[in-house]
Amino acid sequence: MPIISVGLLLIAIAFAVVCCYIAFTLNRLSYNIRSLGRSVVKMEEEMNHITPEISTSLQEVNHLIDDTHKKLQATDSVFGSLEDVGTSVQSLNEAYKVKRQALDDGKLEEKLNLAMKGITWSEAAIQIYKSYQASKMNKVNQQREEVK
């Protein structure tokens, strides 16, 4: 019998240890649940404070996106115009290419010589006109001096 008594004593001690461990665990669990409840209350208060600010920020972002969209639509015409300019430049380039291919070096030199002669004669005409104006001014100044 003493072995049964010792076995029962060991079972009772093991049961007491398990009960103490379960009590300790349940105590920690209740502390954690109370702490979680306080955290949830604080989070709810903070969310009540943050939610209007987030709503305001989202409205401002929406306004900013609308404004950006309007400005981008305004630039569409600019890009359309740039596309038209590019098309015109390309057409001009193609026309120049066709004319340049049709014009050989001899004809180009002949036309350049004509242009150079035109520039030379226009320079001569300008010089003659300047000398005429200078002589006219000299005559006017001489007449003024004679009148004095």
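- Within 6.0 Å of atom CD in Glu44, 12 or fewer heavy atoms from other residues, nucleotides or ligands are found, so the atom counts as exposed in its surroundings.
- Within 6.0 Å of CD in Gln133 there are more than 12 heavy atoms belonging to other residues, nucleotides or ligands.
- In terms of heavy atoms, Ser77 sits closest to Ala74 at OG-O, 3.2 Å.
- In the hydrophobic cluster analysis, where Ile, Leu, Val, Met, Phe, Trp and Tyr join through side-chain heavy atoms closer than 4.5 angstrom, Leu26 is grouped together with Val18.
- Here the CG-NZ distance, from Leu114 to Lys111, works out to 9.0 Å after rounding to the nearest 0.5 Å.
- Distance check, rounded to the nearest 0.5 Å: CD of Glu46 to OG1 of Thr51 gives 11.0 Å.
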Point to revise | Chi angles and distances behind the salt bridge (Lys or Arg N to Asp or Glu O under 4.0 Å) call for Asp67, Lys71 | key: CA-CA 6 Å; Asp67 186 43; Lys71 288 180 180 175; 3.3 Å; yes

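- Between atom NE2 of residue His69 and atom CD of residue Gln73 there is a gap of 3.5 Å, rounded to the nearest 0.5 Å.
- Expressed to the nearest 0.5 Å, how far CE of Met43 lies from CG of Leu36 amounts to 9.0 Å.
- For the atom pair Ile4 CD1 and Leu9 CG, the distance stands at 13.5 Å (nearest 0.5 Å).
- No continuous path of hydrophobic side-chain contacts links Ile11 to Ile3 [ILVMFWY only; heavy atoms under 4.5 Å].
- Considering only heavy atoms from C-beta on, Asn27 stays 4.5 Å or farther from Phe24 through its side chain.
- With hydrogens and angles left out, the side-chain atoms of Gln59 and His63 include no donor and acceptor closer than 3.5 Å.
- Checked by atom type and distance alone, the side chain of Ser39 pairs as donor or acceptor with a backbone atom of Ser35 at under 3.5 Å.
- From Phe15, atom CZ reaches atom CD1 of Ile22 across 7.5 Å, with rounding to the nearest 0.5 Å.
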